[in-house]
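Structure first, then comments.
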Amino acid sequence: MSELQELEHRLTDALSARAAQVGEVAFSRPTQIGDEVHPVPEGATNVIELEPAIGRVDRRRRLQLVACVVVVVGLTAAVLARAADRHSDTTETRPTTSTTASPTTATSTPTTATPPRPTITPSSVTTVPAPTTSLADRRLTAAALVPASQLPAGPFWGGLWRLDHVTDPATTTHRPAEQSCDADFGHPVAPGAVADVQGTYYGPSTQPLDLTDRQVDEHLEQSATNAEAAVAESRWIAATEACTFVKFRQLPITTARSWPVVMFDNTAEAATNSNLPFVVAIGRVGRVTVEINVSIDAWNAPTSIDAATVQASMAAALDRVQAYLAGH
Amino acid sequence: MRDRKEPAATRGLSTAVAGDRTIEDVYQREGPALLRLAYVMVGSRAVAEDLTHEAFTRLVPRFDQVENPAAFLRTVLSRLCLTWLGRSSMERERLGLVDPPPPVGEPEIDETLAALDRLGPDRKAVLVLRFYADLDHAAIAEVLGCSTATARTRLHRGLADLREELNR
């Protein structure tokens, strides 16, 4: 038996062993889908009957989402209250952090009032001079950009930033996913990498069955009916667009996807040699989360992208975020 | 439909046209195998269940139009797993949101699974689809939405990376 065959057998055995950990599973409706047993109404079809069960799953997710938001808001309020106490002996008034349509600088000055409640408008970016923990300061800012000197070693082959509507901590409401959107910007990369990425993640012709919503789900999220246009737009990777790299330094944010996200730097991921995009940063711009991904794959992109060029594109990318938000 | 052998993971699963069965039938029949496939990929029972049900929610609105619900579900689920792996790798590492899968108890198997889990999501997915789901290159390409050549290349590189991980 060759070494390769031996490895394949070993892998097959291992995967089978892991699958066996699941044990015997019975998928029966409705107890395995939902939490309650609902008798099938007379004359009801199975499709109709399954939907409320799925709805129960969604409600469970929503509850988790709301719980996460409550925790985040509670922690933020506590931190703000502590900050207010710390400066209660001063007479200066801390202005309420309000983001408006024009890019402004939010300054943190001592206050004697109750903790400021940030007013969030989805068309602004504030610059934060110093790291604090208030919600207003958790927004994606130019100050959060990674200097070129801190970028991980290339080569880089593209990146994207993603906009997801998130739960507004002030109102605990969130926009539906259909209203969220994506915008991708990438650098030109090696031809092989372009073909690989497009064929795998962006090629509409390679989508089997009726899975155009996958494009929407993974990349564009504009609308299921706009998938073709979205795919056309996503051919960014062969174009000469900007690519952004942003550094994280903020706290988890709950997104409409019901999974908590946190901002990261990507240096630890540089060695994993996967050609899937990695999360580089997730920050807030108004009501949306901006998620910046970047992939680093040495074998896939022999031509490194100049880090200085990347850094130069950061401000432009943020401008585009603002421009997009201003239009939505 | 491409002619290929029925994969092990879906052996016994439905290949019937949606018109002669209900979504409940599909759910009961395909659910366990899909759950195992998801678990092998993501290593978390809770996440696997979540993704499996997410795949079914994708099927429901288009059930009448899907010719082969089993293949549809497998494709959707594989991509959901791939997306989850890609997006959550750092969250899992930094936040510890998901516990690592429990060891099997056999050193060689655990070593192999640990090496597999260290691979990138796409490498891991292609190996799982090939050596657990027993899909051929064309079927893997169909699931992952890439060309057959790309699937073959990824499989080759996945095995090479796995061997490298095991030799560390």
Side-chain angles (χ1 to χ4, degrees), chain A residues 3-4 7-8 10-22 24-29 32-33 45-47 49-51 54 57-58 61 195-196 199-201 203 206-211 213-214 217-218 252 259-262 264 266 268-269 272-279 293 299, chain B residues 22-24 27-28 31-32 35-37 39-40 43 45 48 53 56-58 60 62-63 65-66 71-72 75-76 79 82-83 86-91 94-95 97 101-102 104 106 108-109 112-113 116 119-123 127-128 131-132 142-147 150 159 161-163 166:
Chain A
E3 184 186 355
L4 179 62
L7 177 64
E8 292 177 355
R10 182 175 175 178
L11 179 57
T12 302
D13 292 342
L15 292 171
S16 298
R18 174 170 284 181
Q21 289 181 314
V22 175
E24 287 300 318
V25 183
F27 274 56
S28 60
R29 187 185 62 83
Q32 287 291 323
I33 303 179
T45 69
N46 287 290
V47 173
E49 188 56 19
L50 183 61
E51 285 172 344
I54 294 171
V57 175
D58 290 339
R61 289 182 177 173
D196 189 35
T200 302
Y201 302 111
T206 62
Q207 297 302 310
L209 306 173
D210 182 17
L211 292 179
D213 63 339
R214 174 182 171 266
D217 177 55
E218 287 193 8
W259 44 269
V261 294
V262 70
F264 298 106
N266 68 335
E269 289 293 309
T272 58
N273 196 33
S274 170
N275 58 3
L276 283 179
F278 298 120
V279 173
N293 295 335
W299 67 266
Chain B
T22 65
I23 186 72
E24 180 182 1
Y27 179 76
Q28 292 174 339
L35 175 62
R36 290 190 184 89
L37 176 62
Y39 179 76
V40 169
R45 174 71 179 259
H53 286 102
F56 276 100
T57 63
R58 305 286 181 93
V60 169
R62 50 175 71 87
F63 185 62
Q65 291 83 45
V66 173
F72 179 93
T75 299
V76 170
R79 293 178 177 185
L82 196 59
T83 301
R87 286 181 173 172
S88 64
S89 60
M90 297 183 75
E91 283 90 337
R94 308 286 178 91
L95 298 178
L97 293 176
V104 174
E106 297 181 34
E108 181 174 303
I109 287 179
T112 306
L113 290 174
L116 180 70
L119 299 181
D122 57 334
R123 299 283 196 278
L127 290 176
V128 169
F131 296 106
Y132 174 70
E142 192 173 310
V143 169
L144 297 181
C146 62
S147 67
T150 301
L159 283 171
D161 289 350
L162 180 65
R163 183 189 296 125
L166 287 170

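The sequence lines fix the lettering, A, B, ..., with proteins before strands; numbering per chain opens at 1.
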Subject >> Spacing of B:T112 atom OG1 and A:D13 atom CG [to the nearest 0.5 Å] >> reply: 8.5 Å
**OP:** Would you please name every residue forming a salt bridge (charged side-chain N to carboxylate O under 4.0 Å, His left out) with A:R18, sequence neighbours left out?
**Re:** B:D117
Original post:
Who passes side-chain contact (heavy atoms from CB on, under 4.5 Å) against A:T12, sequence neighbours left out?
Top reply: A:S16, B:F131
Considering only heavy atoms, which portion of [X] lies under 4.5 Å from any heavy atom of chain A: side chain, backbone, both, or neither?
X	value
B:L159	both
B:E106	neither
B:R163	both

**OP:** Verify, without hydrogens or angle tests, whether B:R36 (side chain) and A:A20 (backbone) share a donor-acceptor contact under 3.5 angstrom.
**Re:** no
Original post:
Would you call A:R10 and B:L166 a side-chain contact if the rule is heavy atoms closer than 4.5 Å?
Top reply: yes
**OP:** Could you tell me which portion of A:L11 (side chain, backbone, both or neither) has an atom closer than 4.5 angstrom to a non-hydrogen atom of chain B?
**Re:** both
Original post:
If you look at every heavy atom in A:A14 and B:L113, which pair is closest and at what distance?
Top reply: O-CD2, 3.5 Å
